[in-house]
Structures are given as C-alpha cells and as structure tokens.
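Encoded as structure tokens, the structure appears first; notes follow it.
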Amino acid sequence: RARSAFEALDRLREPLRSALEVATDLRGRASGDALLLAIAEIALALEAVRVRLGLAGSLEPVLSDLCAAHLALPPAARAEVAAALARLLRDRGELRQATSVLEAAANTAPPAEARSLHVDLGEMLLAQGRFDEARDPVELAREGARRAGDERAEQRAEAVLGLLHHGRGNLAEAEVRYTRALDLAHRRQILHRDIKSE
C-alpha cells in the first residue's frame, strides 16, 4: 500500500507543483480571502508530502507569505500554516527560526489554536534541549485544554511532558505522563468510533 501510494504521489508531483505555482501566481495578481485560503489549503496539503515530492524549497516562500498575511486567514488555517512553516524550518535545521515562528503565532492565536501551537512550541524547545523553557508552554496548553475539554491538545501536551521527564531521567513521572497521554488517546478513539457508529 505504501509503495502504491508513493507511486501515485510521484505521478502527481508535477500537477501538484503546477497547482501551487498557479495559486501563488494568482496571489500576485488578485486578492481576496477565498483565494488566500485556497493557497493555504494547497500549501498545507503539499507540506504533508513535501519531502517525498522535493517541494520544501517551493513551499517555504508560500508558507512565509501566508504567515505574513495571516490576519486574512481563519484562525485554524493561521495556526496550521505557522506549524507547517515551523516543521519545514526545523527539518532544515533552523530550530531557532522555527521557534520564533511558533512563538509569534501562539501569541496572536485564539485559545484553541494557541493550545496546539504551545504544544508545538514545547516540542521545538525540547528538540533544542531547552528543557526548562519547554515546560511552560506545554503546561499552559495542558491546563487550558483541561479547562476547555480539549482532549486532543491535552493528550499531545501529556505526551510532550512525558518526553521532557524522560529526557531528564525522571522515568516515574515520564511513565505517568505517557500513561495519561495513552489513556486520552484511547478515550478519544472510542468516542470517535461511537460518534461514527451513530
């Protein structure tokens, strides 16, 4: 299945690249929130497969432009674009720049999107070995998620806190966090299955 999916992606490489070029060319000649959102959706779809398609170089300026024009995008799209740009920068080894992108986005995002971005920020800081700095945004996300009943953000935050404690050698606390993350993931899976069956 993976092989056939990769083959399909390879066949779509040029049409996908063309779609991105057409969208960005239109962006230079036209305006409008709907067009901006369409470009964001194309860029986010391509970001998921950018390594396979060799599109990182083409995507970075598009994602950077979208981050600069973020106020015209809906909050969820703004957060996804910032997270995608941060992942691209991280994979290129530009961790500090990736961190700056996430910090800026989290500071202006509404609560639900800020929770997700704070978890991403904690992961990014953790990847740099900045354990003390990583804890605060993740704890902030976890507490906010718990109050809002946002189990997805809470689950992600618990998993990152597990990594943080694991990295520091606090294995007992890491196990507690991993177990909570697993329980939340399991619960979300059951709820999702129940909702689908209704």
Side-chain angles (χ1 to χ4, degrees), residues 1-128 130 134 137 141 150 152-153 156 159-160 192 196:
R1 283 181 188 168
R3 187 177 296 114
S4 85
F6 283 141
E7 286 168 0
L9 276 176
D10 286 338
R11 286 192 299 276
L12 289 169
R13 181 190 313 265
E14 288 314 310
L16 289 169
R17 192 186 301 268
S18 295
L20 187 62
E21 285 172 9
V22 168
T24 52
D25 183 50
L26 279 171
R27 173 86 174 111
R29 292 185 285 124
S31 62
D33 295 353
L35 177 61
L36 197 64
L37 184 56
I39 294 168
E41 288 174 357
I42 292 168
L44 289 168
L46 292 177
E47 193 271 336
V49 292
R50 67 182 152 80
V51 174
R52 178 70 186 182
L53 298 183
L55 286 171
S58 307
L59 274 175
E60 185 188 351
V62 176
L63 292 170
S64 295
D65 270 358
L66 289 166
C67 275
H70 74 283
L71 291 177
L73 290 172
R78 290 198 309 254
E80 285 182 54
V81 164
L85 179 58
R87 285 191 297 272
L88 192 151
L89 293 167
R90 176 203 64 200
D91 292 352
R92 212 169 53 203
E94 297 179 24
L95 296 177
R96 292 208 178 260
Q97 192 176 346
T99 301
S100 296
V101 166
L102 291 171
E103 285 173 337
N107 287 338
T108 59
E113 289 74 20
R115 288 192 290 272
S116 178
L117 288 164
H118 278 123
V119 176
D120 291 337
L121 177 59
E123 282 182 305
M124 196 68 68
L125 292 166
L126 197 56
Q128 296 169 63
R130 296 161 67 182
D150 181 352
R152 181 177 187 276
R156 288 185 62 222
V160 174
H192 180 68
K196 279 178 74 175

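Quick note: numbers below take in every heavy atom, side chains included, and nothing from hydrogens, waters or symmetry partners. Position 1 is the first residue of the sequence; numbering continues from there.
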Which pair of non-hydrogen atoms, one from [X] and one from [Y], has the smallest distance, and what is that distance?
| X | Y | value |
| --- | --- | --- |
| A43 | L66 | CB-CD1, 4.2 Å |
| G122 | A134 | O-CB, 3.5 Å |
| L102 | A82 | CD2-O, 4.3 Å |
| P74 | L37 | CD-CD1, 3.9 Å |

L125 backbone acceptor or donor facing R130 side chain under 3.5 Å:
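Here the side-chain-to-backbone pair does not exist.
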What's the separation between atom [atom1] in [X] and atom [atom2] in [Y], rounded to the nearest 0.5 Å?
| X | Y | atom1 | atom2 | answer |
| --- | --- | --- | --- | --- |
| L73 | L36 | CG | CG | 4.5 Å |
| M124 | R87 | CE | CZ | 8.5 Å |
| E94 | L89 | CD | CG | 5.5 Å |
| Q128 | R90 | CD | CZ | 11.5 Å |
| S64 | L88 | OG | CG | 8.5 Å |

From the options V81, L85, L63, L121, select the one residue that forms a side-chain contact (heavy atoms from CB on, under 4.5 Å) with V101.
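By the side-chain contact (heavy atoms from CB on, under 4.5 Å) criterion, V101 pairs with just one of V81, L85, L63, L121: L85.
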Mark yes when over 12 heavy atoms from residues, nucleotides or ligands other than R92 sit less than 6.0 Å from its CZ; otherwise mark no.
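More than 12 within 6.0 Å, yes.
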Let me have the donor-acceptor pairs involving side chains of residues 113-120, under 3.5 Å, with sequence neighbours excluded, atom names and distances please.
from, atom 1, to, atom 2, distance (Å)
R115, NE, D150, OD2, 3.1
R115, NH2, D150, OD2, 3.4
S116, OG, R156, NH1, 3.2
H118, ND1, A114, O, 3.0
D120, OD1, R156, NH2, 2.5

